[in-house]
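For clarity, every value in this text was computed on a predicted model and none was experimentally measured.
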Amino acid sequence: FNVNDMSAYDDSGNTGNEFCYVLESGSYNIYAGTDVRNSECIFTYDLNETIVTKKLEQVMPSEKEFKRFKATLDANGNRLLTKELAPTRKFDLDKRIDERRPEEIEFTGDKGIKLIDVAKGKNTLNEFVAQMSDNDLAAIVNGEGMNSPKVTVGTGGAFGGVTDSLLDLGIPVCCVTDGPSGIRIGGDLKSTSLPNGYVLASSFDDELAEQIFELEGIELFAYNIDALLGPGMNIHRHPLCGRNFEYFSEDPLLSGKIAAAQSRGIAKSGCTTTIKHFSCNNQEFGRTSCNAVVSERALREIYLKGYEIAVKEGNATAIMTSYNPINGYWSASNYDLTTTVLRNEWDYKGFVMTDWWALCNCKDKVGTKDNLK
């Protein structure tokens with residue numbers, strides 16, 4: 001494995017490297033065995049100096065102080081469990097968004113540019129989008145909900161060329177459907193029942209997961225379904241989370257590896273997975289309103305890490321945001337989540353969809369249920 005994978009994120013500056021992943025000086029013991037209770041140290045990696053492995057910037061911190069656990073040493077070198085204040089926001093989010101907002105594309109009307117022309121390199125995507133009216137832009141963003149007559153019967157929704165004007169631009173109608181344990185489909189059509197995510201992850205076998213979802217991809221292709229609304233890959237944190245059966249694990253490394261394998265498997269058919277629910281959807285009660293208060297370090301090392309692996313190793317091309325707010329900002333309108341981290345840091349090139357009937361923040365009512373768009 002890559003030694004840099006052992007690095008930790010410093011969100012407080014304790015190592016002198018604020019907002020960086022660092023390998024602190026010291027000894028790193030590597031254990032191997034059949035399970036955590038039957039393992040032994042097989043190698044020690046010694047590091048004489050602290051190394052910065054990645055420089056980043058503060059994202060998605062809480063705006064209110066709260067205490068988190070911290071390990072400290074007493075005078076005798078014994079490890080103690082104490083608490084410290086988690087770092088709070090040190091930047092102006094509105095200013096960050098304003099400074100990085102893309103330039104507006106001026107409407108040109110129909111210039112005869114089709115989507116295939118962009119694919120062939122004859123025209124730019126901006127030139128293509130400039131032809132779209134406000135109605136076109138609204139339709140392509142909104143799509144159509146469950147059981148759309150434009151796509152395979154009984155599926156989860158349609159997007160893309162859902163209007164005549166979008167079809168005229170050469171945009172096809174695309175189909176999405178659920179399926180953590182097999183494709184959800186209607187009418188007389190039948191699909192294969194698959195082991196759920198929890199079971200697959202328990203195998204610790206990413207090759208098996210890729211093979212199973214290669215078959216899933218063949219079935220999706222046969223039914224003209226472009227994207228599976230899965231896998232779900234949030235962290236098992238609460239035993240009563242209603243999505244635990246489709247989520248993989250309490251471990252972000254295992255979650256990321258299995259999700260990446262599933263994405264690679266389905267991609268072989270030309271279809272795609274939609275990794276979800278991005279992010280921190282870890283409980284069932286108040287799923288659309290429960291504010292997940294999380295430190296930036298916990299976000300980066302635990303709750304986002306699996307998604308990062310799926311994007312970088314699985315070449316994921318579709319991501320669905322979660323219902324819940326994170327530190328006061330609903331995921332669907334969370335700029336740092338969907339742009340700063342996902343696109344700028346991870347170089348993600350795919351598209352982001354909200355979960356059905358998602359909520360967003362109004363600029364002047366952050367973290368409240370008032371004045372929602």
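Ser333 places no side-chain N or O within 3.5 Å of a backbone atom of Cys360 that could act as its donor or acceptor partner. Ser191 places a side-chain N or O within donor-acceptor distance of the main-chain N or O of Ile183, the cut-off being under 3.5 Å. Between the His236 side chain and the Asn244 main chain, a donor and an acceptor come within less than 3.5 Å of each other. The backbone N or O of Leu228 lies less than 3.5 Å from a partner atom in the side chain of Thr274, making a donor-acceptor pair. For Lys257 (side chain) and Pro252 (main-chain N/O), no donor-acceptor pair under 3.5 Å exists by modelled atom type.
A cation-pi arrangement is absent between Arg96 and Tyr335 under the rule of less than 6.0 angstrom and at most 45 degrees off the ring axis. Cation-pi contact between Arg243 and Phe245: absent, since separation from the ring centre below 6.0 Å together with deviation from the ring axis within 45° is not met.
Using a 4.0 Å cut-off between charged nitrogen and carboxylate oxygen, Glu345 and Arg300 count as a salt-bridge pair. Under the 4.0 Å criterion applied to side-chain N and carboxylate O atoms, Arg297 and Glu84 are not assigned as salt-bridge partners.
Considering only residues two or more places apart in sequence or on other chains, Asn17 meets the side chain to side chain contact (heavy atoms under 4.5 Å, CB included) condition with Thr15, Cys20, Val22, Thr50, Val52. With sequence neighbours left out, the side chain to side chain contact (heavy atoms under 4.5 Å, CB included) criterion links Asp205 to Ser203, Glu207, Leu208. Applying the ring pair (Phe, Tyr, Trp, His ring centres under 6.0 Å) rule to Tyr21 yields the partners Tyr9; only residues at least two apart in sequence or on another chain are considered.
Side chains of Asn126 and Thr124: a donor-acceptor N/O pair is absent below 3.5 angstrom, by distance only.
No continuous path of ILVMFWY side-chain contacts below 4.5 Å connects Val151 to Leu220, so the two sit in separate hydrophobic clusters.
Only one option out of Ile140, Asn135, Leu137, Leu115 pairs with Leu166 in a side-chain contact (heavy atoms from CB on, under 4.5 Å); it is Ile140.
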